[in-house]
Each structure stands twice: as structure tokens, then as C-alpha cells.
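Below is one structure, written out as C-alpha cells; the observations come after it.
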Amino acid sequence: MNELFNKPYEAKEFEEAIYKQWEESGYFNPDNLPERKDDKGPFTIIMPPPNANGHLHAGHALFITLEDIITRYKRMRGYKALWIPGADHAGFETQVVYEKKLEKEGRSRFKMDPQELFDEIMAFTLENKQYMEQEVKRMGASCDWSRERFTLDADIMKKVQGTFAKMYEDGLVYRGLRTVNWCTKHQTSLSDVETESVEKMDKLYYIKYGPFVVATVRPETIFGDVAVAVNPNDDRYKQYIGSVIEVENPNGKLILKVIGDDSVDIEFGTGALKVTPAHDNNDFALAQKHGLEHIITIDQFGKLNEKAGKYAGMKIAEAREKVVADLEVMGLIEKIEDYKHQVPTCYKCSTTIEPRLLPQWFVKMSSQGGSASGGQSLAEMAAKAVDDGRIEFIPDNYRKIFLYWMNNTIDWNISRQIVWGIPIPAKLCNECDFAAPDLEDEISACPKCGGEVRKDADTFDTWFSSGQWPLLTLDFPDGKDFKTYYPTDVMETGHDLIFKWIPRMVIFGLYLANEVPFKTVYMHGLVNDAKGKKMSKSKGNVINPIDLIDKFGTDALRMGLIIGNTPGNDTALDENKIKGYRNFANKIWQATRFVLMNSEGVDFTKTPTLTDRDKEVLEELRVVKEQTTKELDNFLIHLAAENLYHYFWHTFADKIIEENKGRLKGEDEVDKYAAQYVLNEILRTSIKMLHPLMPFITEEIYGNLPGNDGKILMVEEW
RNA sequence: GGACUCAUAGCUCAGCUGGUUAGAGCGUUCGAUUCACAUUCGAGAGGUCACAGGUUCGAAUCCUGUUGGGUCCACCA
């Protein structure tokens, strides 16, 4: 027996070497897997590329564990298992992280040259990418590093830009002028999924407005008002519709149209609505419908401009206070009420979103206008793929959530006013509204008016590139991998990406490749602290997975993350729990030691003479194997892990080993061999079944089992 | 306002398509331990499965409602 077993299992002493052994074997790459009679063909998972802007957190640890379990299981079952790792430049996310760093250093991106800023963030990202990769390896990930991709690889950027141009030609991308979600801190627009509604207490001001009283929370926007809207069915006001009124404000007088629109709620406020097209999404829509002009009165920094007269230069909050005070003096405030409502905020900095009128590139999602194929919009195409079962969700309820979102989604703003991203390859005219893709930099003058053109300085929303990730990593459209491994089998990701990422991938997959990008979506929940509270830096309850690995080993951490964690639900990460699975690892170690001690020099090729009890025990093993197989096939990973844990410890170690001790010491050689045979058989099978869950210790043990010299468990048959 | 989800032992949670005395880990109580393992072993205490109805021979499990958490979505200014 190897003297390794003379002391407790110390994960630290083995894991690095084992990972190296796996890497050197080449088996992470399915093209190198040994031939098998029961070859089941390709099985593919694309790793959600971690943001290359920091270290791994507990959520990463969970998804790596889940995906690795699935990959290892499939590989052992005879699939050509491919798991492609990657790294995401994570546009806005990373820029936000980097801006915080700049802030600490007393610097600001707004005082930097864009190229200089880009280069700095690139250096920062490449450094963090390395940490991230090392940490993914420490988790035991059996992914194919030879296929690793980064979202800013040159060829990937080119393909992403090509998609943009193609969509433009198909009428699925357009340049539109409308109010967009503007973060005044980060100085960029955001898509609707990048804002977060927050409940806020505000005042609702009732302002005398000509013959009306209008209710508003934003009196500082009155200088951008162009109309008053009322419901055509409102008997109080309908006689005014179509007329022009004059209203007073602290800067003088405003001439406003009175329009009638069904969208105005008769019950709310006074039933009369002031219309500010440039600074409110609804008002913008009204203005489009009724042909009203836009008056911009607030600038990109959230300050009032010259159109606001004496309030010019003031910030929104300050201007609001002053305007109200002045209106009060003029006797134009009828009343002020407390008002609780939801306001959209930047999901990164919680700054209130300022609707801002800005031309941007949009992806046409729903059906008016352009269509993707067969007259279907992108959203309809994606909804159909889920509706008819080409894509399944685990757990199933995400299906409904997905469909609801798809049926209600709005056009997707893909322009970002940040440097960290893939440049939008487009030319914009300085004189007119001409805007078009220009991949080869061929447009030097405006084809519409002959005016000067400039390069679009914006970059793509990061989800525009990561939405194409399954295609990009598999070398769509001509690569060998694309033909072999697309569509992929499973997309495993956090439930927070149900809108940001999953729909985009479905859309691009269907639009570009005419086929769903994956068949199953497995969604995991959040990893919370031991008390079930969300981890956050400010609360100081963040658990670093690498610390836990250092303390208890990767295998223990993996078990702790999996057991008791059902798909879609949040899980609590408790150090004591991990400690328990560290003890389990040692239990496996000790049981192995015992079996090996009693197997010295035994030839296991002989047929044993089994007792009835032996047969019963082996039958029990067969049932466990059958059950585990079924559970893993159905992604019931938590059940498989818990059942194997229980079987190994409380059935195999506590009962079977104990009841065989006498036979091993006995004089009856035939009976002794039967016992040795049974114990070896159970140990060997258990180690195999445990491998996807606890890859390191099982690999180490497997090589030490009789007759296994030089074998690699990772590619053994299930 | 809408959708989704959860409510099971002191704590964290399993319990798949309904089927004999409801499970795990941790914690707790009592005991053991030179014999693979104190990162151990044995024994025990502890739950009217949120509440109220219903379906069924039978429900923690399915249906309806109520209460209380959580998450997400939504332009009522």
C-alpha cells in the first residue's frame, strides 16, 4: 500500500499535481479522448465567460462546479465532452470597476484620452484574466483551455461588428432618436435591463397651468413642456382639445397645445398631464404620436441648460427647489402631496436615470417593421423556440418568465458611450441624420448630403457580443467546431441573467445560425452567506471560495455548494458545512486505506464465491449506480451528491466494511477472497461515481487501486 | 398593479411524476474508543410538514383560498 495513506487526506498536497496531470493528458480537449465503443457523440457546454475584472466569487465557484460535474459525467458516459472556457471584457461592468479604481487614485476618466483609458483598462483586464483563469483551474474545471476565447480577441470583434452590419442590412438594426436611459454619473446610456426600479418618496406638485392644474413630480422640467394632454373622454377638459393655451412660469410665458390621448389616466392627479417630450419616456411617445417638438432643457450632466433661463447651470434637485419656490410666490402652486413611486436607477451606482433624447443604435425586437425570417420578429422567433420545446428550462418556471419578457420586450439600445468595448463600426454625418455601418472604413463623405462624416465613438453593449458567445466560441459560420458542437447541449447560468443574456443568445442563435444555441437552460440561484443573507462588500459577509479551498480542499467546497442546492433556488454557504465534506473526503481516504491494507497482493481476476449477503450488497450497489445515473441524467445533481455521500459513509463504511472485518481476518481463504472482492468492487465503483463531484481525491485514489497504475479516472467508463 | 417563488426538527435545507413509523447535515443529550479513520463510532431527544377548505382508499406532495417571507417585471405624470 502506498504510504500516502498513512496520514489524513490533505487536499493541498494533491490538487495542483492532479490538475497538471489532467491538463497534460490532453483529455480536456474532446478531440484527444480515447476511442470508445460506446461513443455517444459530442456534448457541449459553453462556460458563461467570467468578467475579467476581478477574482472569482462564490457564484463562480458554484457554476464551475455544476458545469464541471455535468461535463465530467458526460465524458465518463462516453460523450465527446467539450466545455469551452472564456473571459468577458464585460464593457460597462469593467469600466465601472476601473472608474472606482481611478477615483481612489484621485483621477477621472473624463480627463483622460480615450485611447489611454482603453489601454489602461486592457492592462488591468488582462492581469485579472490570469487570476480568474488560475482560480477556475483551482476549482478543478475540466474545460478545454486550448479553445479559450476572450470577447476582445480580434477575430471575435470583427465577427461581432459583422453581425451589426448584417442586421442593419436586414432592417433589424436602426439608428433612432428617442429618450434613452441616461446615467448622469457614468455618462452613458443603458438598456432597459440595466436599470433597476427603486421605490422613492417624492412630492407631487399641483401646478396651475392656464385653465388646468397639472400634477407633476418634476416641476423643473416645465421649460421643456410643449403640450398638456388630457383624456378625450374626460368631460372636464375635452372642450380644450385642439386649442392652444398660454401658461405662466417664472421665466415668462409658454405656448402649449392641448392634446387628447387615451393613455392619460382620468383618475390620476387632476387628469391633466404636462408633456415634456425630451425628458420623459411617455411624453416622448406622446410627442411622436401627436407630432410635437422636443425642447431639451437638461444636459448630459443633469444640469439645466440655457433654455431654462435663470435656472441654467443648476442641478436638477436644486432647480426643482427654486422653481417650486418661485411658482409658490407667483401663486401657481395649488398643493403639494407626498408621493411614493418607483424610479429607474443605474444598476451599478443607483443614480436616478435621466431620460435623455439621444440618437442611438437599436436592435428591432418586436414585430413592427423589419423581420428576421419568415415574417417573424426576433422576439417572436425566440419565444417560439421556447414555446415549442426546442429549449427547455430547469427549473421549468423560467419558461414562463422568459416568454413573458419576450412578448413584452422593447427595442434594444446597443450604443454605449464608453471606451471599454467593441467599437461600433459606423459612420455618422455631422450635417444630417445619415448613419450607417462601415466595416471597411470606406465612407468618407455623407452619401445623403455630402457633408463631413465621423466615426461613431460609441461601443457595443457588452451583451451584444456575449449574446453571440455560443456562435463565436465555436467559430461560426465555417469552423469545424461549429459543425460538430452546435447547437450546444446545456447553458448553465445564474437566474439573474434570464433577461440580460439568455434571450440575446437565443435570438442571435436563431437569427444567424437558424438553430437554437442550446437545448437546456439550467439556472442556479444565488450563493448567500451562512445565514442566507446576500453577500455584499458593504455588509462584510463575503466568503471567498479560494479561502475555503485553502482550508478544506476543492472537493469539499464543491460538495458544500451542491448538496441541498436545488436548481433555481438560492443556497447558504456555511463554513461548517464545507468542513463536514472535508471530513467526508477523509472518510473516503480512510476507507480506501482499509481496503488497500487488506488487498495486498491479491489477484482480483479470479471469480469469487459470493455469499448471499455479498450478492445482496452488490445488488444494492447496482441500485445506487442506477439511481445516480438517472439523477445525473436529469440534472438532479444535489440528489446524486447527497445519496452517494450517504451510501459511501453510512452504508459502505459503517455497515459493509464493519461486517466484513471478521472475514478478512479469518482463515477461510475462499471466504476471505470474497470479502476482499466485494469491498474492492464497491470502492472502485463508488470512486467512479464520486468523481464528477469530487474529482481530485477520487483521481488520486483511483491510480492507487489494484491494477490501475497510470490510468486516468477522468476518462474511465462510468 | 402583475408574475414567479418559498413556508418541513433549534439552524441550513432535501423529499422526482401522491402510497407503510417524514429525511440529511450542523447543533444538542448519553455513551464508546489501543483493532482504516477523534477529520471517529454507537444510541437518543427533537416536526399536528404556515393556516383553512377540497380532490382521493390514501396528501408534506395535487387544487382553491388566507397569512407571512423573497425575487422579478410594470410609463399612471
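In what follows, chains are A, B, ... by sequence order, proteins preceding strands, each numbered from 1. In what follows, every heavy atom counts, from backbone to side chain, and hydrogens, waters and symmetry copies are set aside.
When the nucleotides B:A14, B:A36, B:C13 are ranked by their closest atom to the side chain of A:A591, B:A36 comes out on top. In this structure, of B:U39, B:A24, B:A36, it is B:A24 that holds the atom nearest to the side chain of A:H646. The A:N586 side chain lies nearest to B:C37 when the options are B:A36, B:C37, B:C41. Comparing B:A36, B:C37, B:U12 by their nearest atom to the side chain of A:M597 picks out B:A36. When distances are taken from the side chain of A:I401 to each of B:C4, B:U39, B:C73, the shortest belongs to B:C4. Nearest nucleotide to the side chain of A:I657, out of B:C4, B:A36, B:C73: B:A36. Taking every side-chain heavy atom of A:N576 into account, B:C26 is the closest of B:C26, B:U40, B:C37.
For the pair A:R399 and A:E392, the salt-bridge criterion is not met [side-chain N within less than 4.0 Å of a carboxylate O].
Rounded to a whole Å, the CG atom of A:N643 is 12 Å from the P atom of B:C16. A:L497 has its CG atom 13 Å from the P atom of B:C72, to the nearest Å. If you measure from atom CG of A:L636 to atom P of B:C13, you get 19 Å, rounded to the nearest angstrom. What separates CD of A:E575 from P of B:G27 is a distance of 13 Å, to the nearest Å. Regarding A:H638, its NE2 atom lies at a distance of 15 Å from the C1' atom of B:U12, rounded to whole Å. The distance between atom OH of A:Y581 and atom C1' of B:U12, rounded to the nearest whole Å, is 10 Å.
Residue contacts for A:H279: at a heavy-atom cut-off of 4.0 Å it reaches no nucleic acid atom on any strand shown. Residue-level contact check: A:N598 touches neither bases nor backbone, having no heavy atom under 4.0 Å from any strand. A:D574 comes within 4.0 angstrom of no nucleic acid atom, judged by non-hydrogen atoms across all strands. A:T566 comes within contact range of the sugar-phosphate backbone alone, with a heavy-atom separation under 4.0 Å but no base atom that close. A:V595 comes within 4.0 angstrom of no nucleic acid atom, judged by non-hydrogen atoms across all strands. Note on A:Q342: a base of the nucleic acid sits closer than 4.0 angstrom, heavy atoms only.
Toward the 5′ end of RNA chain B lies the nearest nucleotide of A:N565, the other residue of the pair A:N565 and A:T216 mapping further downstream. Between A:I563 and A:F499, the residue anchored closer to the 5' end of RNA chain B is A:I563, taking for each the nucleotide with the nearest heavy atom.
For the pairing with A:R558, the side-chain contact (heavy atoms from CB on, under 4.5 Å) check across A:I563, A:I69, A:I578 returns one residue only, A:I69.
The backbone N or O of A:E380 lies less than 3.5 Å from a partner atom in the side chain of A:S377, making a donor-acceptor pair.
Remark: A:K579 is not positioned above the aromatic ring of A:F584, lacking an NZ or CZ atom under 6.0 angstrom from the ring centre and at most 45 degrees off the axis.
Looking at A:K587, its side chain comes within 3.5 Å of the base of B:C37 through a donor and an acceptor atom.
If you look at A:F652 and A:F648, their ring centroids are closer than 6.0 Å.
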